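All remarks here apply to the structure that follows.
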There are 2 protein chains.
Amino acid sequence: MPSMSNTTVFQQQARDRLTDRGARITRARCAVLAALLAADRPLSHHDLEQQLEDLCDRVTLYRVLAWLVDENLAHRVSGEDRVWRFNADHPSDHRYGHGHAHFHCNGCGAVFCMDAKARVPAVPDGFQLEAAELILRGLCRECS
Amino acid sequence: MPSMSNTTVFQQQARDRLTDRGARITRARCAVLAALLAADRPLSHHDLEQQLEDLCDRVTLYRVLAWLVDENLAHRVSGEDRVWRFNADHPSDHRYGHGHAHFHCNGCGAVFCMDAKARVPAVPDGFQLEAAELILRGLCRECS
DNA sequence: GGTTACATGCCACCCAGTTGCATTTGCGGC
DNA sequence: GCCGCAAATGCAACTGGGTGGCATGTAACC
């Protein structure tokens, strides 16, 4: 990736993902997916709203995010602060495995993806386990 | 506990806890704490509101719950549905250890406490780990 | 270029939780 | 038993994340 700006790289990646899906290429989808791909941690609706300025409506942003999750292009992390954060799924480079742990910073509220995975325990009879999620809490680099 | 109804037992337990703390005994606190003690799983604000009918105001309920958490008489579980659920802490019988796993039912949304505990992994340099939480998802007995 | 189904913008709304403030109430002291 | 006061409660209005409905705009196929 020579003189191409990072932004453009992610924009292109985003477009490629969308065309792979046979989905409609729209400004909002490209921008949101590119932002998620570029981010090193899950972004909240609020984060994205700021980053994208008024590229699209608040509601559209919600809908695009929901759509991305639906299409398995992103996944949703629910935080202690009752806001959802979104991560682009990286199928090519599996930076983090599926069901990887999330670190929630008690200081700034940010969420980070970790390599660690949840070890799946046994559950009582009658319960059907489908997924396990490991949540870590503490202070991130900035807040320590 | 002979002819004493369960309700009364928990009411008494609740009163005892409050007096231990040297805290003021109020109708709302007794009722809420008793309800939590009697429950076999974390209760949401909504659950409690229904159960207590109009024993107290919506806001008071929020305040009592916050106070109980503050006093370490209860703890809070955050669910996927963005509502908080509350569990009485059982210090005498440690039914569940601290930091025990929670099972979230994808069917009815209920949350259950489990014996299993999170295994604490290593975190990257600069991060300070304070707590680990294990979330299990699937179907509960009723929903399977 | 024209058509059409899908995406978007705008509106008003819902729901969980909070804040401010006036009123009530538990409880220790008389 | 009664008083006084701090603590708890009730009420009303508010906040903030998220949703639903519907008219308009637009990507993609022809």
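Labels below follow one simple rule: chain letters A, B, ... track the order of the sequence lines, proteins then strands, and each chain is numbered from 1. Computed from a predicted model, the values in this text were never measured in an experiment.
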**OP:** May I have the distance from A:L18 (atom CG) to C:dA7 (atom P), rounded to whole angstrom?
**Re:** 11 Å
Subject >> Ring geometry between A:H75 and A:H102 (parallel below 30°, tilted from 30 to 60°, perpendicular above 60°) >> reply: tilted
Original post:
Of the candidate nucleotides C:dG9, D:dG10, C:dG17, which contains the atom at the shortest distance from the side chain of B:V83?
Top reply: C:dG17
Subject >> D:dG10 base / B:R63 side chain donor-acceptor hit below 3.5 Å >> reply: yes
Original post:
Under 4.0 angstrom, heavy atoms only, what part of the nucleic acid is B:H46 near: base, sugar-phosphate, or nothing?
Top reply: nothing
**OP:** Kindly point out which of D:dG17, C:dG17, D:dC11 is positioned nearest to the side chain of B:R82?
**Re:** D:dG17
Original post:
Between the side chains of B:D47 and B:S44, is a donor N or O closer than 3.5 angstrom to an acceptor N or O?
Top reply: yes
Original post:
Can you say whether the rings of B:F127 and A:F112 are parallel (under 30°), tilted (30 to 60°) or perpendicular (over 60°)?
Top reply: perpendicular
Original post:
Just how far, in rounded Å, is C1' of C:dG9 from CZ of A:R27?
Top reply: 11 Å
**OP:** Compare side-chain N and O positions of A:Y62 against OP1 and OP2 of D:dG18 and report whether any pair is under 4.0 Å apart.
**Re:** yes
**OP:** Starting from C1' on D:dT9, measure out to CD1 on B:I25 and report it in whole angstrom.
**Re:** 16 Å
Subject >> Among C:dG20, C:dG17, C:dA5, the one nearest A:R24 by side-chain distance >> reply: C:dA5
Original post:
Which atoms form the tightest heavy-atom contact between B:R29 and B:A23, and what is the distance?
Top reply: NH1-CB, 4.0 Å
Subject >> Phosphate contact (D:dA8 OP1 or OP2) by B:T26 side-chain N/O below 4.0 Å >> reply: no
**OP:** Please state whether the phosphate of D:dA8, meaning OP1 or OP2, lies under 4.0 angstrom from any side-chain nitrogen or oxygen of B:T60.
**Re:** no
**OP:** Check whether the side chain of A:R58 and the base of C:dG9 form a donor-acceptor pair under 3.5 Å.
**Re:** no
Original post:
Start at the 5' end of DNA chain C and walk down; is the nucleotide closest to A:V59 or to A:R29 reached first?
Top reply: A:R29
